[in-house]
Amino acid sequence: MSDEVLVSAERVFRFYGQYCAVEDLSLTLRRGEVLGMLGPNGAGKSSTLRMLSGNLAPTAGRININGIDLLDHPKLAKTHVGYLPERPPLYPDMSVDEYLRYCARLHRVPRARIAAALNEVKTRCGLIDAGRRVIGNLSKGYQQRVGIAQALIHSPLIVILDEPTVALDPIQIREIRALIRELGRSHGVILSTHILPEVQAVCDRVQIIHAGRTVFNDTLTGLGERHGSIGLIVAFRAPPAIAELYQLPGVEGVEPLAGGRLRIVHREAKVAEAIVKASVDRGWGLYELAPERTTLEQIFMDLVHREFDTDGVKTNPMRASA
Amino acid sequence: MILTIAGSELRRMFYSPLAWAILAVVLFILGLIFLILVDNYLNVLQPQLVGAPGAPGVTDIVLAPVLFWAGVMMLSVTPLLTMRTFSEERSQGSLTLLTSAPLSITEIVLGKYLALLLFTLVLLGLLTLMPVSLVAGTTLDWGKIAAGFLGLFLLLASFSAAGLFISCQTRTPLIAAVATFGLLLFLVVLYMSGSAQGTASELFIYLSHFGHFLSFLQGLFDSSDVVYYLLFSAAFLILTIRQLDNERLQR
């Protein structure tokens, strides 16, 4: 990852009438980074991506694409962006080749380059055999691939994908994720999803959005350190007294859990060894020992539910699609 | 860029059977009208007009009515052509392709409009075969014919601009078609009410597009008529551009 900033959005707001879909959102994307936007339905992900792609003007705030202001010079800024909306923008009566060639020309790919670009993007998205087929006759998964191909045809610096793996089968999902990872090496990718494992599989950084606000923004590696302490889940056939566990080096807390399990909070990784040793020496009969990880899912549920609790009962905001 | 969009639009128009059906039906009916008029001219009118000084010729008796009927038919057919332009793209979500490409809204609208004009030219090109077929038997007043065709082209261009604007208002092509037809018919009614006895109003006649078309059919090339059509079309195109621009900003 380099320090070159490809996208920066500062304090962006978007209102639909009275309803605030995106509130005070800031975002940066660097070259070589895959940013995942995670959020429940109606959180404002799509609205954000539509603003970043220049399809929707923010009510307030600035968006810079590769150093160009998107609102002042939309035409120039858009040349650097490839965008796949929620519904792929396809013409069902065109053939795949014809459609992609049209997209290339709309994005001002030089005529001499079009054939090569077409070939490259078709190879990448697994569309080599589908070139002559009419888009309307393709399956949903293939249509989605054409949609992705359309976003890549002009090899943009920034690729914005709104739920790219929707409607794909597991094998296709793996292929597309690999493609996104690959793109993330040389370009910058922003993708939205509500599938947690997807973020863990492909993203370097995750921004969780809830009810239009950013509630979490960090790298995936920084995730474990920031949230919660590290714990071990253990179970014994002959559990010792809790005080006895506290005497082991490194143990900072012991909580009984359901089913006779114990959660041991610690700082050092050596604690596991100490527990095993003590169990053997003193005949506790250890039969389960598992490290506890803070998963993205935990954080997600934590954040989203905390929001709901503080705001009281909140009806699911209407999905904003105009 | 405008040409790229127009080319693709025109090609897509011909992918659907609609464009072919429209061309076939319009030409079949106009062909029949043409045939009836020629027949009527040969068997009834020609013997009566022989020797009469200043008598109207074939151009006035046969071709002007054909062009008039072409205008009347297109009043109901243009809405079918224009209904898809924006409303279908919007319901399919494919408009995003154009709006996220490095294009201005003006280029998008003009591209689509140009495609409609090209289709109109195809239709007019086929229509010119009718006067050409008469060349074998008679002499024609080509100036008058050219004026008539120019008038028809301008009339259809104004229909298209109005249709484009209305198509941009809705997601349902059918509603766009009905609304466009309503608007075009309303302008005809304006002409009728403007020329009705007692309520005659110059303003109404000026506003309706048919009044301007009729003078072209008489072979009159009045620049004020041309200006009317250019203004009419430009106004609707600008409204369309404004509308699409607003959509990005508001709602």
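Sequence lines set the chain letters: A, B, ... in the order given, protein chains first and strands last, and positions in each chain run from 1.
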(request) May I have the step-by-step check of side-chain contact (heavy atoms from CB on, under 4.5 Å) for B:F236 and B:L164, ending in yes or no? (result) CA-CA 8 Å; B:F236 275 109; B:L164 202 65; over 6 Å; no
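With a 4.5 Å cut-off on non-hydrogen atoms, B:L95 does not touch chain A at all. Contacts between B:E89 and chain A at a heavy-atom distance below 4.5 Å involve the side chain alone, from C-beta outward. No part of A:P74 comes within reach of chain B, as not one of its non-hydrogen atoms sits under 4.5 angstrom from that chain. Contacts between A:L90 and chain B at a heavy-atom distance below 4.5 Å involve the backbone alone (N, CA, C, O).
Interface check for chain B: of the options A:L76, A:N55, A:D93, the most heavy-atom pairs under 4.5 Å are formed by A:N55. Counting heavy-atom pairs closer than 4.5 Å to chain B, the top residue among A:H80, A:Q150, A:R108 is A:R108. Among A:M51, A:H107, A:H154, the residue with the largest count of heavy-atom pairs under 4.5 Å with chain B is A:H107. Annotation: maximal heavy-atom pairing with chain B below 4.5 Å, among A:S53, A:P88, A:G147, A:P92, occurs at A:P92.
Residue B:Q169 holds its CD atom at 7.5 Å from CZ of B:R90, rounded to the nearest 0.5 Å.
Using a cut-off of 4.0 Å between Lys/Arg side-chain N and Asp/Glu carboxylate O, B:E107 and A:K75 are scored as salt-bridged. Here A:K122 pairs with A:D97 in a salt bridge; the nearest charged N to carboxylate O distance falls below 4.0 Å.
Surrounding CZ of A:F13 are more than 12 heavy atoms belonging to other residues, nucleotides or ligands, all under 6.0 Å away.
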Report, one line per pair, each donor and acceptor closer than 3.5 Å where one atom sits in a side chain of residues 18-34 of chain B; sequence neighbours left out.
unit_1	atom_1	unit_2	atom_2	d
B:W20	NE1	B:F14	O	2.8

